[in-house]
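Here's the structure, in structure tokens; my notes come after.
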Amino acid sequence: MAGQVITITSGKGGVGKTTATANIGVALARRGQRVACVDADIGLRNLDVVMGLENRIVYDLVDVVEGNAKLRQALIKDKRLPELHLLPAAQTRLKSAVNEAQMQEVCGELKKEFDFVLVDSPAGIESGFKTSVAPADQVLLVVTPEVSSVRDADRVIGLIEAYEKPTPQLIINRLRPALIRRGDMLDTADVLEILAVELIGIVPEDERIISSTNKGQPVALEDHSESGAAFMRIAQRLMGEQVPFQMFAESPGWLERVSKFLRR
């Protein structure tokens with residue numbers, strides 16, 4: 001049975017898309033799934049650093065599509081999790097170095113060997129975005145509970161639907177309940193009402209994310225991290241498991257309002 005390609009994208013940079021890709025990949029691998037993470041942000045690669053694999057790169061995605069290396073040669077196996085692999089991006093090439101057909105071909109080959117192929121898309125709607133979405137069987141959209149992030153995400157949802165791809169599922173990242181209670185941050189129900197897409201995960205703000213990223217140790221490797229547990233729940237939902245959403249003490253009536261939007 002072939003795996004599925006999941007493109008992870010966002011409307012703007014800096015919302016945690018690459019961190020989400022790495023941690024979801026780790027979480028799926030920890031649950032026994034064969035996972036390939038593909039860094040499609042050509043010229044600005046960061047997924048290798050977040051995963052702690054930057055020192056092991058020999059070949060990259062562009063080498064594969066140009067025939068300078070075989071796909072197996074370019075894939076890097078994570079020594080901590082043998083089921084997890086990385087296909088890094090080229091750091092000195094333009095995003096136009098890989099086109100939609102080539103990305104579909106690479107991901108099609110990966111689907112034969114892996115249960116999940118996670119594509120880390122460039123942020124926004126520039127040239128590499130459509131290439132990253134082209135092979136997607138499913139799209140995850142990462143957003144923070146801020147007006148600018150939600151506005152940009154709304155634009156991305158329209159583009160994804162225009163490309164005739166499945167409506168994306170939403171990851172709300174860096175949620176800070178204290179700010180929500182003060183009225184300084186959008187709450188989950190507000191974001192869902194504006195974007196009108198299905199929620200697949202809520203990740204709270206966590207200082208460990210910064211240190212884990214700098215160390216190349218995704219928080220999903222930990223057993224006692226709140227954000228790591230949130231990524232694990234997202235992985236479970238991607239595997240088809242029914243997992244309740246964790247409450248983060250937002251505004252009054254939060255659970256009732258979220259339930260209403262989920263039923264839609």
Going hydrophobic residue to hydrophobic residue with side-chain gaps under 4.5 angstrom, can you get from [X] over to [Y]?
| X | Y | value |
| --- | --- | --- |
| Leu170 | Leu159 | yes |
| Leu47 | Val35 | yes |
| Ile202 | Leu195 | yes |
| Val98 | Tyr59 | no |

Are any side-chain N or O atoms of [X] and backbone N or O atoms of [Y], one a donor and one an acceptor, separated by less than 3.5 Å?
| X | Y | result |
| --- | --- | --- |
| Ser121 | Thr9 | no |
| Asp48 | Leu53 | no |
| Arg176 | Pro145 | no |
| Asp137 | Val5 | yes |
| Arg233 | Pro244 | no |
| Thr7 | Ser132 | yes |
| Thr21 | Lys17 | yes |

Checklist line | Residue pair Lys95, Thr131: steps toward the side-chain contact (heavy atoms from CB on, under 4.5 Å) verdict | finding: CA-CA 9 Å; Lys95 289 177 172 53; Thr131 299; over 6 Å; no

Thinking salt bridges, do [X] and [Y] make one under a 4.0 Å N-O criterion?
| X | Y | value |
| --- | --- | --- |
| Lys12 | Glu146 | no |
| Arg237 | Glu198 | no |
| Asp60 | Arg93 | no |

For residues [X] and [Y], determine if any side-chain heavy atom of one lies less than 4.5 Å from a side-chain heavy atom of the other.
| X | Y | value |
| --- | --- | --- |
| Cys107 | Val119 | yes |
| Ile180 | Leu175 | yes |
| Ile209 | Val219 | yes |
| Asp120 | Cys37 | no |

Item checked: Audit row: Glu113, Leu71, side-chain contact (heavy atoms from CB on, under 4.5 Å) steps and yes/no -> CA-CA 11 Å; Glu113 302 292 333; Leu71 185 55; over 6 Å; no

Notebook entry, point to check: Can you say whether the rings of Tyr163 and Phe129 are parallel (under 30°), tilted (30 to 60°) or perpendicular (over 60°)?
Noted result: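 Aromatic pair Tyr163/Phe129 classed tilted.
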
Next item on the list: Can you establish whether the number of heavy atoms outside Glu105 located under 6.0 Å from its atom CD is more than 12?
Entry: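 At most 12 heavy atoms, drawn from other residues, nucleotides or ligands, come within 6.0 Å of this atom.
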
Margin query: I'd like to know whether CZ of Arg72 has more than 12 heavy-atom contacts from other residues, nucleotides or ligands below 6.0 angstrom.
Written below: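 Not more than 12 within 6.0 Å, no.
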
Notebook entry, point to check: Of the options Glu226, His224, Glu222, which is the one that meets Arg208 in a side-chain hydrogen bond (donor to acceptor under 3.5 Å, both in side chains)?
Noted result: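 Result for side-chain hydrogen bond (donor to acceptor under 3.5 Å, both in side chains) with Arg208: Glu222.
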
Item checked: Residue pair Asn173, Val143: steps toward the side-chain contact (heavy atoms from CB on, under 4.5 Å) verdict -> CA-CA 6 Å; Asn173 195 28; Val143 63; over 6 Å; no

Item checked: Derivation and outcome, side-chain contact (heavy atoms from CB on, under 4.5 Å), residues Ile234 and Leu238 -> CA-CA 6 Å; Ile234 293 171; Leu238 289 173; 4.3 Å; yes

